[in-house]
Amino acid sequence: QVQVVESGGGLVQAGGSLRLSCAASGRTFGRYAMGWFRQAPGNEREFVAAISRSGDQIYYINSVKGRFTISRDNAKNTVDLQMNSLKPEDTAVYYCAAARLISPSTQASDYNYWGQGTQVTVSS
């Protein structure tokens, strides 16, 4: 079993940057593909980015390509989401999730373990 805890959310002006971090417990972190999802009020949970177990495969939703970067450090059991050029439409609760898969997935249903989420608010 894996427990994940997000950190790094906050309030930022449009055009600014934030770095989200997800810390995972357990010695099997390297066996999980990891993903970031977000959910804005009144909206469904949305895929943002995902990375394979080894880090060699990465997926992004089109709206964040070129602005967000996902990375992982299997030695430290962490996965980060660097968010640049933030827009008000990026405002949401961001969730980190772990999937017992080799390759990353864009589907929330593929993920087995979820964090509690961290709020990101981008003001215009």
Side-chain angles (χ1 to χ4, degrees):
Q1 189 169 351
V2 174
Q3 291 184 320
V4 294
V5 178
E6 306 93 340
S7 62
L11 173 63
V12 64
Q13 289 188 330
S17 298
L18 282 175
R19 187 176 184 89
L20 305 184
S21 186
C22 174
S25 65
R27 294 177 292 177
T28 60
F29 177 74
R31 298 180 186 177
Y32 291 83
M34 300 296 295
W36 285 96
F37 291 76
R38 65 187 180 187
Q39 188 167 17
N43 290 356
E44 294 185 352
R45 192 165 296 190
E46 174 185 56
F47 167 77
V48 176
I51 188 167
S52 63
R53 297 194 311 188
S54 64
D56 62 344
Q57 289 178 277
I58 290 175
Y59 298 156
Y60 297 102
I61 192 174
N62 284 341
S63 60
V64 308
K65 285 181 179 178
R67 300 189 297 122
F68 290 12
T69 302
I70 188 172
S71 61
R72 68 185 295 160
D73 186 334
N74 287 347
K76 296 181 179 179
N77 283 15
T78 58
V79 58
D80 293 346
L81 186 68
Q82 177 67 42
M83 305 186 296
N84 299 328
S85 302
L86 282 161
K87 304 175 180 179
E89 51 263 43
D90 294 318
T91 295
V93 177
Y94 282 70
Y95 296 91
C96 177
R100 286 191 293 262
L101 299 171
I102 296 175
S103 298
S105 171
T106 64
Q107 302 301 311
S109 58
D110 286 335
Y111 289 80
N112 308 99
Y113 305 103
W114 292 81
Q116 294 299 307
T118 185
Q119 177 70 47
V120 171
T121 303
V122 184
S123 63
S124 57

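The number of heavy atoms from other shown groups lying within 6.0 Å of CD1 (Ile102) does not exceed 12. Counting non-hydrogen atoms of other residues, nucleotides and ligands closer than 6.0 Å to CZ of Arg31 gives a total of 12 or fewer. Gln3 CD: 12 or fewer foreign heavy atoms inside a 6.0 Å radius.
Remark: the backbone N or O of Ser105 is paired with a side-chain donor or acceptor of Tyr111 at under 3.5 angstrom. The main-chain N or O of Arg100 is found under 3.5 Å from a side-chain atom of Asn112 such that the two form a donor-acceptor pair. Remark: side-chain polar atoms of Asp110 are not paired, donor with acceptor, to backbone N or O of Pro104 under 3.5 angstrom.
Linking ILVMFWY side-chain heavy atoms closer than 4.5 Å, directly or via other members, places Val5 and Tyr32 in two distinct hydrophobic clusters. Hydrophobic clustering (ILVMFWY, side-chain heavy atoms < 4.5 Å, transitive): Ile61 and Tyr94 are in one cluster. Val2 and Leu101 are members of different hydrophobic clusters when ILVMFWY side chains are connected at heavy-atom separations under 4.5 Å. Hydrophobic clustering (side-chain heavy atoms under 4.5 Å, transitive across Ile, Leu, Val, Met, Phe, Trp, Tyr) groups Tyr60 together with Leu86.
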Item to check | side-chain contact (heavy atoms from CB on, under 4.5 Å) evaluation trace for Thr91 with Gln119 | outcome: CA-CA 8 Å; Thr91 295; Gln119 177 70 47; 4.1 Å; yes

Item to check | Residues Phe68, Trp36; criterion side-chain contact (heavy atoms from CB on, under 4.5 Å); working and verdict | outcome: CA-CA 11 Å; Phe68 290 12; Trp36 285 96; over 6 Å; no

Checklist entry - Does the pair Asp80 and Arg19 meet the rule for a side-chain contact (heavy atoms from CB on, under 4.5 Å), with working shown? => result CA-CA 7 Å; Asp80 293 346; Arg19 187 176 184 89; 3.2 Å; yes

Checklist entry - Could you walk me through whether Val4 and Met34 pass the side-chain contact (heavy atoms from CB on, under 4.5 Å) check? => result CA-CA 10 Å; Val4 294; Met34 300 296 295; 4.2 Å; yes

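The distance from atom OG1 of Thr118 to atom CD of Gln116, rounded to the nearest 0.5 Å, is 11.5 Å. In this structure, SG on Cys22 lies 5.5 Å from CD on Glu6, to the nearest 0.5 angstrom. If you take CG on Leu81 and CD1 on Ile70, they are separated by 6.0 Å, rounding to the nearest 0.5 Å. For the atom pair OG1 of Thr78 and CG of Asp73, the computed distance is 4.5 Å after rounding to the nearest 0.5 Å.
Across Ser85 and Asp90, no two heavy atoms sit closer than the pair O-OD2, 4.5 Å. Of all non-hydrogen atoms in Pro88 and Ser124, the two that sit nearest each other are CG-CB, 3.8 Å. Taking all atoms of both residues into account, the shortest heavy-atom contact from Arg38 to Ser63 is NH2-OG, 3.6 Å. Residues Ser54 and Asp56 share a closest heavy-atom pair of OG-OD1, 2.7 Å.
In this structure, Arg72 forms a cation-pi arrangement with Phe29, its terminal cationic atom sitting closer than 6.0 Å to the ring centre and no more than 45° off the ring axis.
Here the two rings, on Phe47 and Tyr59, have centers that are 6.0 Å apart or farther.
Contact check for Leu20 versus Met83: side-chain heavy atoms found under the 4.5 Å cut-off.
Between Trp114 and Tyr95, the angle of the ring planes goes over 60°, which puts this pair in the perpendicular group of the 30/60° scheme.
Counted by atom type alone, Asn84 and Gln82 present one or more donor-acceptor pairs between their side chains at under 3.5 Å.
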